[in-house]
Amino acid sequence: MIPTRTRAPLLPVAISQSPLLSGPLPDDLFSALVKPLPTITIGLYEPPSTPRPSAKRSSIHHTARRPTSPSSASSSSSSASPTSSITSKEVISLLNLLESMENDVATEVQRVRLGIQEARMLVRECREDCRARQKALRKRRDRERRDTKGADDDFWLDVDMWLLDTSNGKLCYIADPAQENYAILSHVWITGKEQSFQDLQRLHELSTTEALHDRATRLTGRTPRSVLWKASEKIRECCAFARVRGYRWLWVDTCCIDKTSSAELSEAINSMYQWYQQAGVCYAFLHDVDDEDDPRAPGSQFRQSRWFRRGWTLQELIAPQELVFIGKQWRPFGTKASLADVVEEVTGVERAILEHRRPLSSVSVARRMAWAAKRKTTRVEDEAYSLMGIFGVNIPTIYGEGRNAFYRLQEEILRHIPDQSIFVWGPLVFDRYKWPCAYFGQSPIADSEFEDPPYRYLFAPSPTAFDHSASISPMPLDDFQREIGMEVPVPEYTITSYGIHASLPLVPLWRPEAEADQGPGIPTQQTQQPGTQQQVKVYVALLACKDAEDGLMALLLRAPLDQGHDQYTAGCRYSAGFVRGTSLRCLQEVLSSSVGNSSNNRAPKLSSVYVPYRPFELPVQSYAERHARRRRRYNLEDGSSLDAPPRPPRFECPCEVVIERWSIARLRKAGYAIRVPSNDDNTALQVSDEDPSVQIVLSRSGGADVYVALRPCTVTHGSILPQPLTVLVAFGTPAVESPAPRVARFMYSIEPMSETCKKIHVREWTDAAQEFVESGTGRTVRLSFTSWTDYLDSGNCSGMYSLAIEVREASASG
């Protein structure tokens, strides 16, 4: 919104409240200026011996010093003699007083003139703001009158923005930035050293001392110092750099976007590519490049700069017509045009794209995604938002949605760009890779053993998946029809709950059962891999795109053998690895040159397919999984991964043992009282990894107490392994075990399990349960442990287990 200003006050109010004045004007200033001074007659000199009336002297002096009223002046003159006279000293004093009054009047007049000038400036600024506000309101109303389609088409044309005045550091709201010549900054954010929109606004809030200093500076005819001296070094230096080169306006993403407003933030993100396009110049500040660095040298600081590895800087590199590289000392060392060959080597962006000699729309979707494959962003959502301008699409910004943002971006790209290279990502096979293509003639490995959820869908989970897809380019539909020897309609995609519905030319690649119409080269049951299940059928979906050697690309689709619908998943796993797509040359031996030959029974057929394009739920890793304390998958030699087998509970210390409430209720019903180290109501016991044990006491009148001790094992079984949880049970006396001496051992050594340890280690018990019998009475105590949270699954490196205690008397057990 345009900042509002108060209306210009009337002139007397503006003069009295002017910051150029040290205080308010006296009420009788103007009346005193128009009143006449008293008339004084200077007579002959009287001898000093003649006494002079003191009343006359005081009246004359009083009248000369306070010429405020004609009546008082006349009364004083009438009381004095017409021929009264004053001395020369008094005349000189009176003249000096008149001169000082004249100077005071001149000063006040100058202050009034300055107040008038300031009032006129305020009125002029208010008028300009009103005109700008009216212009913005007219544009907004015109935009609302358009229909939805027209509004979407003109979204990139009418976007308001905040610009920074390079002379005084003020933020100004510009309704039509296309009419302004401004500079724009591209940089890498440094944590803790950037100033926000609100930080820069607070710099203009002057304290009382600073306001008085500015008043005094203006009174002396000088310009007060701007607030830029209080801004960050980056903003201050960039303003100076742009101001020297004739730019009044500057845009910086850190302080020119009000990020507290979600609407303004979303509008700025959707308009950022356009802002960089229409800027007069873009200054790329590389804070990690010295002036002495040679950007063309191999391994130079320029080539290794973080600026080339951030997600947002990709559009900031491509969009502006003129881009100047600046080192850490704020000295330019090159431009995008002069260093285009080096930038192309570092980023992979063609020189023709950098110099705007070739439209960005001529580059395939897969290649544009590959430009961002190795770039990182602080927020996961910015992986998608930073690419909207690269593809010319717009999506609402919803921070907190995670990977969903990149899936929404691909949906929008599929609606606007007719390019099937968006499906060619992930593990691909080209003939130059020397991949054993004979595996395509064998049965794929069933999904029940291996899983690769991200590769099963049409859309990629992140730009990183396009790392090996830079050579993929779209093929015109006419050339694609001639290549496959059949007519193909214009592709149409419909997003449904079952996946993306499309019509694609399919070629059967693998069926586990031999059929009567099988042609030569179709694999049968005898060619399958031993030990695999024949439960899937595989097809090749031909795509209208090609690789660097003009080889037609194909997508592998698989489906259960016995399904009666057209739902497929992408990719297959073979013993040599997982494959999503391949060049058609790699399938020539298997397909026996069937593509392009309509007489062959393996010729492509246009089929309706439903392919899931995104997972139904996105996996989220826990703290323990993120820090690799527990491995849920194992990497195999061929680059694949295998699910880790379920691991039994380890029952290790430190841990928290919770006594089951139902077992406490049964014990109390049987007449037992339970005591723990803490209060009676707290049944959660903390067992540390140190030697002291935790005692649980069961007492009943007429019988010996039962002592249950929980502690870590006193034998060091491995220096890097947590100590096992042990349990000791005693009747009548506390359960105490003499601690074994701790011996320093090799950190990876594992001590053999002794018979004593096997009896007291909870994880060595059958089903984590054990019974203890009291000699003489036959009373039995049964302890049963259950693992709620294992040591490696916990975020605080502490397991959580439950304990159930049961006591049976000898008569009941017999």
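Values in this document were obtained by computation on a predicted structure and should not be read as measured data. The analysis underlying the following values was restricted to heavy atoms, covering all of them including side chains, and did not include hydrogens, waters or symmetry mates.
- A donor-acceptor pair is defined here as one N or O able to donate and one able to accept, closer than 3.5 Å; such a pair exists between the side chain of W371 and the backbone of G348.
- Without hydrogens or angle criteria, R580 side chain to F423 main chain gives a donor-acceptor distance under 3.5 Å.
- Of all non-hydrogen atoms in R782 and S784, the two that sit nearest each other are NE-OG, 3.5 Å.
- In this structure, E809 pairs ionically with R700, as a charged nitrogen and a carboxylate oxygen lie closer than 4.0 Å.
- Here R650 contributes atom CZ and C655 contributes atom SG; the two are 13.0 Å apart, rounded to the nearest 0.5 Å.
- With no hydrogens or angles considered, no side-chain donor-acceptor pair links S386 and R310 at under 3.5 Å.
- In this structure, Y574 and F440 have perpendicular ring planes: the angle between them is above 60°, well past the 30° mark.
- Taking the six-membered ring for Trp and thresholds of 30 and 60 degrees, H287 and F285 have ring planes inclined between 30 and 60 degrees apart.
- Listed for the T496 side chain is a donor-acceptor partner under 3.5 Å among the backbone atoms of G499.
- At distances below 3.5 Å, at least one donor-acceptor pair connects side-chain atoms of Y385 with backbone N or O atoms of I398.
- F466 and A373 make their closest contact through C-CB, 4.3 Å (heavy atoms, listed as atom of the first residue, atom of the second, distance).
- Counting heavy atoms from C-beta on, the side chains of T582 and L428 never come closer than 4.5 Å.
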Output, in order, the C-alpha distance, side-chain angles, deciding distance and verdict of side chain to side chain contact (heavy atoms under 4.5 Å, CB included) for T254 and Q195.
CA-CA 6 Å; T254 54; Q195 286 181 319; 5.9 Å; no
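- Residues W765 and F651 fail the side-chain proximity criterion, which asks for heavy atoms closer than 4.5 Å.
- R403 and E383 are joined by a salt bridge, as a carboxylate oxygen and a charged side-chain nitrogen come within less than 4.0 angstrom of each other.
- Under a 3.5 Å cut-off, the side chain of R558 and the backbone N or O of A570 do form a donor-acceptor pair.
- Atom CD1 of I805 is separated from atom CD1 of I659 by 5.0 Å, given to the nearest 0.5 angstrom.
- The structure places SG of C572 at 11.5 Å from CZ of R456, a figure rounded to the nearest 0.5 Å.
- Judged purely by atom type and a 3.5 angstrom limit, T313 uses its side chain to pair as donor or acceptor with the backbone of W307.
- Nearest heavy-atom pair, P560 versus K537, reported as atom, atom and distance to 0.1 Å: O-CE, 3.6 Å.
- A distance of 8.0 Å separates CG of L685 from CG of L803, quoted to the nearest 0.5 Å.
- Atom NZ of K759 has 12 or fewer heavy atoms from other residues, nucleotides or ligands within 6.0 Å.
- Side chain of Q410 to main chain of A460: a donor-acceptor pair is present (N/O by atom type, distance under 3.5 Å, no hydrogens or angles).
- Atom NZ of K374 has 12 or fewer heavy atoms from other residues, nucleotides or ligands within 6.0 Å.
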Could you please spell out the steps behind the side chain to side chain contact (heavy atoms under 4.5 Å, CB included) verdict for F406 and L387?
CA-CA 9 Å; F406 193 69; L387 295 177; 4.2 Å; yes
Could you please spell out the steps behind the side chain to side chain donor-acceptor pair (under 3.5 Å) verdict for D258 and S261?
CA-CA 6 Å; D258 186 5; S261 172; 5.5 Å; no
Yes or no on side chain to side chain donor-acceptor pair (under 3.5 Å) for W189 and D253, after CA distance, side-chain angles and deciding distance?
CA-CA 10 Å; W189 287 29; D253 54 356; 3.2 Å; yes
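- Of the N and O atoms on the side chains of S688 and R711, not one donor lies less than 3.5 Å from an acceptor on the other residue.
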How far apart are the C-alpha atoms of I235 and C255, what are their side-chain angles, what is the distance that settles it, and do they pass the side chain to side chain contact (heavy atoms under 4.5 Å, CB included) test?
CA-CA 9 Å; I235 295 178; C255 62; 3.8 Å; yes
Check the pair W510 / S443 against side chain to side chain contact (heavy atoms under 4.5 Å, CB included), numbers first and verdict last.
CA-CA 7 Å; W510 163 262; S443 173; 3.3 Å; yes
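- Residues satisfying the side chain to side chain donor-acceptor pair (under 3.5 Å) criterion with Y399, sequence neighbours excluded, are D382.
- Ion pairing between E401 and R408 holds under the 4.0 Å rule for side-chain N and carboxylate O.
- Salt bridge K328/D288: absent, no basic N to carboxylate O contact under 4.0 Å.
- I696 has its side chain out of reach of Y707: every pair of non-hydrogen atoms, C-beta onward, lies at least 4.5 Å apart.
- A 4.5 Å side-chain heavy-atom check between R573 and P444 finds every atom pair outside the cut-off.
- Counting only heavy atoms from C-beta outward, the side chains of H761 and C713 approach each other to under 4.5 Å.
- By the 30° and 60° cut-offs, the orientation of the rings of F302 relative to F308 is perpendicular.
- By the 4.5 Å heavy-atom criterion applied to side chains, Y455 and P427 are counted as neighbours.
- Taking the six-membered ring for Trp and the full ring otherwise, F459 and Y407 have centroids separated by 6.0 Å or more.
- Not a single donor-acceptor pair under 3.5 Å links the side chain of S186 to the backbone N or O of E316.
- The distance from atom CD of E411 to atom CZ of R614, rounded to the nearest 0.5 Å, is 6.5 Å.
- Between R808 and E771 there is a salt bridge, with a side-chain nitrogen of the basic residue lying less than 4.0 Å from a carboxylate oxygen of the acidic one.
- Side-chain contact between R779 and F731 is present, with heavy atoms from C-beta onward closer than 4.5 Å.
- Listed for the Q567 side chain is no donor-acceptor partner under 3.5 Å among the backbone atoms of A559.
- In terms of modelled atom types and a separation under 3.5 Å, the side chain of E194 and the main chain of I190 share a donor-acceptor contact.
- Counting heavy atoms from C-beta outward, V708 and V694 have side chains that stay 4.5 Å or more apart.
- Taking each heavy atom of D705 and S699 in turn, the nearest pair found is OD1-CB, 3.1 Å.
- Separating the OG atom in S266 from the CD1 atom in I257 is a distance of 11.0 Å, to the nearest 0.5 Å.
- Here the closest non-hydrogen pair linking P649 and R763 is O-CB, 4.1 Å.
- Scanning all heavy atoms of the two residues, the minimum distance from E381 to G402 falls at OE2-N, 3.0 Å.
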